[in-house]
**Q** 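One structure follows; several queries about it will come next.
The structure presented is a predicted model; accordingly, all values stated were derived computationally and were not measured. Letters A, B, ... are given to chains in the order of the sequence lines, protein chains preceding strands, and every chain is numbered from 1. Just so it is clear, the values below take in all heavy atoms, side chains as well, and ignore hydrogens, waters and symmetry mates.
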There are 2 protein chains.
Amino acid sequence: MAARATRGFGQYSGVARAVERVGERWALLIVRDLLAGARRYSDLKAGLPRIPTNILSDRLKELQEAGVVRRVPTVRGGYELTALGRALEPVVLELERWGWATLGSPAEGELLTADALAVALRAAFQADASRELPPTEYVLHVGAVSMSAIAAAGALDVLAIGPDALPQPGRRLAAAAPADVLELTVEVASFRPLLAGADEVATVLAGTDELLARFARTFRMTPAPHSDAADAADDASVA
Amino acid sequence: MAARATRGFGQYSGVARAVERVGERWALLIVRDLLAGARRYSDLKAGLPRIPTNILSDRLKELQEAGVVRRVPTVRGGYELTALGRALEPVVLELERWGWATLGSPAEGELLTADALAVALRAAFQADASRELPPTEYVLHVGAVSMSAIAAAGALDVLAIGPDALPQPGRRLAAAAPADVLELTVEVASFRPLLAGADEVATVLAGTDELLARFARTFRMTPAPHSDAADAADDASVA
DNA sequence: CGGGATCCCAAGCGATACTG
DNA sequence: CAGTATCGCTTGGGATCCCG
C-alpha cells in the first residue's frame, strides 16, 4: 500500500506527467480562471458555479503540491499561479482553440464568465493581423460580461470591466489609450458567429465600420475541421 | 433525471468543451499514440501497459462519439484519428513541453514507448534552428526504442525503426536521405539531460562532433520554470 | 458571512475473468 | 485478437455543517 501507483500512467512521458499534474477534473478550469489574475476562493467558486466546494478545495491543495498554484499570503483565501502555473498558458490557449471547434450554441444553463471570455479573446487573437493595424481598443459586451481588449503591434491586453470585475493585473500596453475605440454588444449565442467572421450579428455602440472590420481581422476563431464524413483517407495506413 | 448534467461543467467555454471531450483519464494518451499513426487495439494496449482493457474500450467508444477517432474499416481492431483528432496535435505538443518541465528521472517501472519518444522529439524540435542548418538525419537509440528523425529546412519527420516498429505514415520529406547522418545511443535516464543540452551523455555510433552540436541545436527541451521559492511577485495583484 | 471540512450516494476506474 | 461482463474500490457530486 506504500506503492500506490494507481495515480500514475506508468509512462515516462511529458504528456503523461502533465495529465497526472493538471488532468484531474476541474483542474484546468481553475488554472484558466487564475490565468486572468489572482482569485479568492469565493471568486473561483462563483466563476465555476457547478464545482462542489470540496472538489475546489481538493484541487487547490493538489495544485499547490504540484507547484502550479500558491496562496497569496496577504489575502484571505487568495490564490495565484506560480511561474510553473503561468507556463500552462500555451496549453490552455490551445485547448481553447480546439474546444472552440467542437463548441455549438450555449446549452441550457451554461454561462459565459468573464474569465472564460478573456481566454477566448486571447485564443482568438491574430497577432500577425494586429501588427499591420493601428493600436485599437475594443470594448465588448457579451451577454452580461464586459471586457476591454487593447490590441497594439501584435500584443494584446484584455481587461474585465464593469462593477463586478475581479482584480487582475493592470494594463501593460504602453499605448494605454488608443485613439481608435470600437464598442459593441452581442448576445452570448451570437459570440461564436462573431468570432467566425459574421460581424453583422454585433450591435455597434461606438465606432466606425472600418473599426468593425479591424475587429474581424484581429479576432478570429475558425469553426472546425468537421469531424465526420468526407474525411478522406490520407497518408496514414495500417499494415 | 432527464437533465443528467453530471458530465458537463456548466460553462460555455472552449476549454470546458475540450476537457469534456478528451479530458477523461487515458484519453489524451490514446490520442498521443494515434498521432504517430493508425493503431490496432492490441498496439494501443501494448503502448499503454497499465490501461485496463475495459477503459481502453470505453475511451475508444467515447472518442469515436466525440468525432476524434474512427475505425479503420479495412483492419480488424484498427483505429485512427479523424481530422478533428489530428487537430489536437498542438494541444498534445504543448502538454508534452509543459510536462517535460515537471519530469524527473524515470520512476521505477515507468517505460518510454516509441510513440512517446516520437512526440517528445516533435515537441523539442527547434524549427528556427533547423532552418539554418543543412538537412540531417538523426538516428536515436533511447533504451530499447529506435527512431529516425530527419530535419530539413524547419520541417521534421520522425519515424520509428527496428523490428517492432508499428505502422506509420511514410516519410514525407522530399530530401528523404540526407547526406549527413548522426547515430547515437543514450540510456532512458540520460535522455532528459540530452535534450537539456548535455550532449556528453550520448554515445555517438556514427557521425562527427559537428553533427552532435547540430543535434543539440535542433532538439531542445528546457527543464522548467522551477516552481517554488524565489518566485518573486510580479504584476499580478489582488485588491 | 466567507472559507473550507464532512457526509452520503452515485458514478467512474481498475483488475480479472470470460466470450465471439 | 478484440473486446464484454462483473465486482470491489476510489473519486466526484451535492448538501450540509463547522470554524474564524
Side-chain angles (χ1 to χ4, degrees), chain A residues 1 3-11 16 19-20 22-30 33-34 38-64 69 71-80 109 164 166-167 238-239, chain B residues 1-11 16 19-30 33-34 38-65 69-80 109 164 166-167 238-239:
Chain A
M1 45 205 60
R4 295 305 289 147
T6 174
R7 189 123 290 273
F9 294 97
Q11 301 251 329
V19 174
E20 287 165 9
V22 295
E24 301 295 304
R25 199 161 159 78
W26 293 104
L28 277 172
L29 292 181
I30 295 170
D33 283 7
L34 288 176
R39 293 284 177 267
R40 289 183 304 178
Y41 191 91
S42 51
D43 300 330
L44 291 168
K45 203 150 159 21
L48 271 12
R50 290 243 272 259
I51 195 172
T53 177
N54 58 337
I55 298 295
L56 177 55
S57 180
D58 288 354
R59 289 295 167 274
L60 286 170
K61 252 175 278 182
E62 293 164 12
L63 290 172
Q64 284 178 82
V69 159
R71 305 197 67 131
V72 180
T74 58
V75 178
R76 262 219 18 123
Y79 295 89
E80 67 184 351
D164 37 40
L166 288 169
V238 171
Chain B
M1 48 199 54
R4 296 302 292 142
T6 175
R7 189 124 290 273
F9 294 97
Q11 300 252 327
V19 173
E20 285 165 10
R21 298 263 185 285
V22 294
E24 301 295 304
R25 197 161 158 77
W26 292 104
L28 277 171
L29 292 180
I30 294 171
D33 284 7
L34 289 176
R39 294 283 178 266
R40 288 183 305 179
Y41 192 90
S42 51
D43 300 330
L44 291 169
K45 204 151 161 22
L48 272 11
R50 291 242 272 256
I51 194 173
T53 179
N54 59 336
I55 297 296
L56 177 55
S57 178
D58 288 353
R59 289 294 166 274
L60 285 169
K61 250 174 282 181
E62 294 164 12
L63 290 172
Q64 284 178 81
E65 280 170 34
V69 159
R70 75 177 153 211
R71 305 197 67 129
V72 180
T74 58
V75 179
R76 236 188 82 86
Y79 294 90
E80 66 184 353
D164 37 41
L166 288 169
V238 169

**Q** Generate the contact string for nucleotides 15-20 of chain C. Rules: B means base contact, S means sugar-phosphate contact only, - means no protein heavy atom under 4.0 Å.
**A** BBB--B

**Q** Please report, rounded to the nearest Å, how far the P atom of dG2(C) is from the NZ atom of K45(A).
**A** 11 Å

**Q** Once you round to the nearest 0.5 Å, how far does CH2 of W26(B) lie from CD1 of I55(B)?
**A**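 One gets 9.5 Å once the value is rounded to the nearest 0.5 Å.
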
**Q** Please pick, from dA2(D), dG3(D), dG4(C), the nucleotide with the shortest atom-to-atom distance to any side-chain atom of Y79(B).
**A**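 Side chain of Y79(B) sits closest to dG3(D).
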
**Q** Given atom CG of L56(A) and atom P of dT11(D), what is their separation to the nearest angstrom?
**A**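 Nearest whole value for this atom pair: 18 Å.
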
**Q** Between the side chain of Q11(A) and the main-chain N/O of G47(B), is any donor-acceptor distance below 3.5 Å?
**A** yes

**Q** What residues form a side chain to side chain contact (heavy atoms under 4.5 Å, CB included) with R76(B), not counting sequence neighbours?
**A** none

**Q** Expressed in angstrom and rounded to an integer, what is the separation of F9(B) atom CZ from dG13(D) atom P?
**A** 8 Å

**Q** Can you tell if the side chain of L44(B) reaches within under 4.5 Å of the side chain of L60(B), non-hydrogen atoms only?
**A**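 In contact.
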
**Q** Can you name the nearest heavy-atom pair linking L34(A) to Y79(A), along with the distance?
**A** CD2-O, 3.6 Å

**Q** State which residues pass side chain to side chain contact (heavy atoms under 4.5 Å, CB included) with T53(B); sequence neighbours excluded, sorted by chain then number.
**A**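 Per chain and number, T53(B) pairs via side chain to side chain contact (heavy atoms under 4.5 Å, CB included) with Y41(B), K45(B).
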
**Q** With respect to the side chain of I55(A), which nucleotide from dG12(C), dG3(D), dG13(D) is positioned closest?
**A**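 Per side-chain heavy atoms of I55(A), the pick is dG13(D).
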
**Q** Which atom names give the shortest non-hydrogen contact between R59(A) and A27(A), and what distance separates them?
**A**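 Minimum heavy-atom contact is CD-CB, 4.2 Å.
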
**Q** Has K61(A) got a side-chain N or O lying under 4.0 Å from the OP1 or OP2 atom of dA5(C)?
**A**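 Answer yes for this pair, as a side-chain N or O of K61(A) is under 4.0 Å from OP1 or OP2.
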
**Q** Atom CZ of R59(B) and atom C1' of dA2(D): how far apart are they, to the nearest Å?
**A**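 From R59(B) CZ to dA2(D) C1': 18 Å.
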
**Q** Round to the nearest Å and state the distance from L44(B) atom CG to dG3(D) atom C1'.
**A**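 One finds 13 Å between C1' of dG3(D) and CG of L44(B), rounded.
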
**Q** If only side-chain N and O atoms of R25(A) are considered, is one of them under 4.0 Å from the OP1 or OP2 phosphate oxygen of dG13(D)?
**A**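 So the side chain of R25(A) is within the cut-off, an N or O lying under 4.0 Å from OP1 or OP2 of dG13(D).
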
**Q** Could you state the CZ-P distance from R39(B) to dG3(D), rounded to the nearest angstrom?
**A**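 Computing the R39(B):CZ to dG3(D):P distance gives 16 Å.
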
**Q** Going by side-chain hydrogen bond (donor to acceptor under 3.5 Å, both in side chains), name the residues that satisfy it together with E24(B), two or more places apart in sequence or in a different chain.
**A** R7(B)

**Q** Residues in side chain to side chain contact (heavy atoms under 4.5 Å, CB included) with D58(B), at least two apart?
**A**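 Expected list: K61(B), E62(B).
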
**Q** dG14(C), dG13(D), dA2(D): which one has an atom nearest the side-chain heavy atoms of R71(B)?
**A**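 Of the candidates, dA2(D) comes closest.
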
**Q** Under 4.0 Å: is that the gap between some side-chain N or O of S42(A) and OP1 or OP2 of dG3(C)?
**A** yes

**Q** I need the CG-C1' distance between D58(B) and dG14(C), as an integer number of Å.
**A** 12 Å

**Q** Between dG12(D) atom P and W26(A) atom CH2, what is the distance in whole Å?
**A**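 Roughly 12 Å, once rounded to whole Å.
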
**Q** Go ahead and write out DNA chain C as dot-bracket, 5' to 3': ( ) for pairs within the strand, [ ] for ones crossing earlier pairs, | when the partner sits on another strand, dots for unpaired; Watson-Crick or G-U wobble, both distances under 3.5 Å.
**A** |||||||||||||||||||.

**Q** Considering only dG4(C), dA2(D), dT11(D), which nucleotide approaches the side chain of Y41(A) most closely?
**A** dG4(C)

**Q** Could you pull out the closest heavy-atom pair between E20(A) and F9(A), with the gap in Å?
**A** OE2-N, 3.2 Å

